[in-house]
Amino acid sequence: MASILKALILGLVLCLFVTPCLVIPASAQSSPLPAVELDCGSDPVMDVRPSSDAEVSVTCIVTNPTSSSEEIIISEIEWDGGMVEMALSEDSFTLAAGEEDTFEILFTGQTKIPASEEYSFEIEAKIVSWNNIDTESVPEFIEGLLIPNATHSGDLSIETYGMVELQVSDVTTRYMEVSDEVEFSIQVINKGNADDKLEIVFANAAELEAAGFSFPNGTRVSENVDSQDTSSEKTLTIRAPPEVSSDLRMPLLIRAQSTNDDSAPSSEINIQLDVKSSSQSSDGDGLTALVSDGPLLY
């Protein structure tokens, strides 16, 4: 008995939906039954750098491909945002036959979210009225057959960014004799949102080499550093020229940089190098005598 009743209801509903289609011109290309199309852009990636707004959106197009007007609502089916909120710029549309409209899926988060975070989302476009027929009153077992809804699912990912902070234990001027060596103790903090291979370099090594300086242990060192962690203590050494004709004063530029993110700003420290000339270094071995015009060097 129940199956007979179900069949009768199905027949009535079919008549309800099919009858309006009989008046459609043969040339019409639109769907004669309720339908909806939902087309959204590619999966979003959120910029969460401290200087960013931590916002991103996806543009969606909702289309009524049928021969009659439709009322459509957009709703959220799945969202596990955690540190990010999702919202719809619009959630209801009344579309004439063949008409389309756009809306945005808006994501708002906070800065410094770890790059390892990823959030899945799904939205649905549901027909609530077609040709002035309230589709929500249709029995559920029939709704799936005659009123197909459209969905879109995707993933929100977090963009990786690099940020470093260089620390040198002593940033005072280094006073050197010819061929002296000075060792620098250096650490770097990974302030980015992902594990990163951080590099520390003598950035102006070429200029210093041209002036006679050398680097016994090389001009760079690197280490893999976890996000928000600090590297172990690193050392880089510089050796003064074997001889200089006059006092030499040059800056040493130490730079720390991310290898994850080419656009990340580097962190730099300038340290002055003062090298005493060879001739002045030997002056102290002489003997002086006082004369009327001042000290005389023997």
Would you find more than 12 non-hydrogen atoms of other residues, nucleotides or ligands less than 6.0 Å from E118 atom CD?
-> yes
M176 reachable from L248 in the ILVMFWY side-chain graph, under 4.5 Å edges | yes
Any chain of hydrophobic side-chain contacts (each under 4.5 Å) joining M163 to V201?
-> no
Taking the side chain as every heavy atom from C-beta outward, state whether V225 and T230 have any atom pair closer than 4.5 Å.
-> no
Step-by-step ring-ring contact (aromatic ring centres under 6.0 Å, His included) determination, F93 to F103 = CA-CA 10 Å; F93 300 88; F103 65 95; 5.7 Å; yes
Is V168 reachable from I238 through a run of I, L, V, M, F, W or Y residues, each pair having side-chain heavy atoms under 4.5 Å apart?
-> yes
Under 4.5 Å between any side-chain heavy atoms of W79 and L156, yes or no?
-> yes
E124 (side chain) donor-acceptor with I74 (main chain) under 3.5 angstrom | no
Can you tell me if D43 uses its side chain to pair, donor with acceptor, with the backbone of G154 under 3.5 Å?
-> no
Closest non-hydrogen atom pair, P265 against G162 | CD-O, 4.5 Å
A205 and T219 have their tightest heavy-atom pair at CB-CG2, 3.8 Å
Evaluate the side-chain proximity of E207 to F213: yes if any heavy-atom separation is below 4.5 Å, no if none is.
-> no
To the nearest 0.5 Å, atom CG of N132 lies from atom CD of E70 at 11.5 Å
One should read off an interatomic distance between E37 CD and N64 CG, to the nearest 0.5 angstrom, of 9.0 Å
Cut-off 3.5 Å, side chains only: do D196 and S258 have a donor facing an acceptor?
-> yes
Heavy-atom side-chain proximity of P114 to I158 below 4.5 angstrom = no
How close do T151 and L38 get, heavy atom to heavy atom, and via which atoms?
-> C-CD2, 4.0 Å
S129 and D134: CA distance, side-chain angles, deciding distance, side-chain contact (heavy atoms from CB on, under 4.5 Å) verdict | CA-CA 5 Å; S129 175; D134 181 5; 5.6 Å; no
Report yes or no: does S52 contribute a side-chain atom to a donor-acceptor pair with the main-chain N or O of D47 at less than 3.5 Å?
-> yes
Measure from the side-chain N and O atoms of T135 to the backbone N and O of V128, and report whether any donor-acceptor pair falls under 3.5 Å.
-> yes
Using a cut-off of 6.0 Å, state whether more than 12 heavy atoms not belonging to E85 lie near its atom CD.
-> no
Rounded to the nearest 0.5 Å, how far does NZ of K234 lie from CZ of R220?
-> 14.0 Å
Backbone of D226 reached by a side-chain donor or acceptor of N190 within 3.5 Å = yes
Between the side chain of Q187 and the main-chain N/O of S231, is any donor-acceptor distance below 3.5 Å?
-> yes
Kindly indicate, with the supporting measurements, whether the criterion side-chain contact (heavy atoms from CB on, under 4.5 Å) is fulfilled by K191 and Y161.
-> CA-CA 9 Å; K191 293 190 170 183; Y161 72 86; over 6 Å; no
What's the verdict on side chain to side chain donor-acceptor pair (under 3.5 Å) for Y119 and E117, showing C-alpha distance, side-chain angles and the deciding distance?
-> CA-CA 7 Å; Y119 306 113; E117 294 291 322; 3.2 Å; yes
Nearest atoms (heavy-atom pairs only) where S179 meets P242 = OG-CA, 3.3 Å
Heavy-atom side-chain contact between V84 and T108 under 4.5 Å = no
Considering only heavy atoms from C-beta outward, does the side chain of R174 approach that of F184 to under 4.5 Å?
-> yes
Ignoring hydrogens and geometry, is there a side-chain-to-backbone donor-acceptor pair from D180 to A240 under 3.5 Å?
-> no
Could you state the interatomic distance from CD (E90) to CD1 (I73), rounded to the nearest 0.5 Å?
-> 14.0 Å
Answer with yes or no whether the hydrophobic clustering places V36 together with I77; edges join I, L, V, M, F, W, Y residues whose side-chain heavy atoms lie under 4.5 Å apart.
-> no
Apply the test side chain to side chain donor-acceptor pair (under 3.5 Å) to residues D155 and S120: give CA-CA distance (whole Å), side-chain angles for both, the deciding distance (0.1 Å), then the verdict.
-> CA-CA 4 Å; D155 295 301; S120 297; 2.7 Å; yes
Run the side-chain contact (heavy atoms from CB on, under 4.5 Å) check on E165 and V188 step by step: do they pass?
-> CA-CA 6 Å; E165 181 182 326; V188 60; 5.9 Å; no
Would you say D91's side chain and E76's backbone share a donor-acceptor pair under 3.5 angstrom?
-> no
Can you check whether T237's main-chain N or O pairs, donor with acceptor, with N217's side chain at less than 3.5 Å?
-> no
Give the cluster check for V178 versus L273: same hydrophobic cluster or not, with ILVMFWY residues linked at side-chain heavy-atom distances below 4.5 Å.
-> yes
Can you check whether L95's main-chain N or O pairs, donor with acceptor, with D101's side chain at less than 3.5 Å?
-> no
Mark yes when over 12 heavy atoms from residues, nucleotides or ligands other than D262 sit less than 6.0 Å from its CG; otherwise mark no.
-> no
Student check: side-chain heavy atoms of I123 and C60 closer than 4.5 Å | yes
Out of curiosity, S92 OG to K126 NZ, how far, rounded to the nearest 0.5 Å?
-> 14.0 Å
Mind listing the closest non-hydrogen atom pair of R49 and E159 along with its distance?
-> NH1-OE2, 3.4 Å
Please round to the nearest 0.5 Å and tell me the distance separating atom OG1 of T259 and atom CG of N224.
-> 7.5 Å
CA sep, side-chain torsions, deciding dist, call: L166, R255, side-chain contact (heavy atoms from CB on, under 4.5 Å) = CA-CA 7 Å; L166 178 64; R255 175 183 297 155; 5.8 Å; no
Test item: I200 and I254 side chains (from C-beta on) under 4.5 Å apart, heavy atoms | yes
Between P65 and T63, the two heavy atoms sitting closest are CD-O, 3.2 Å
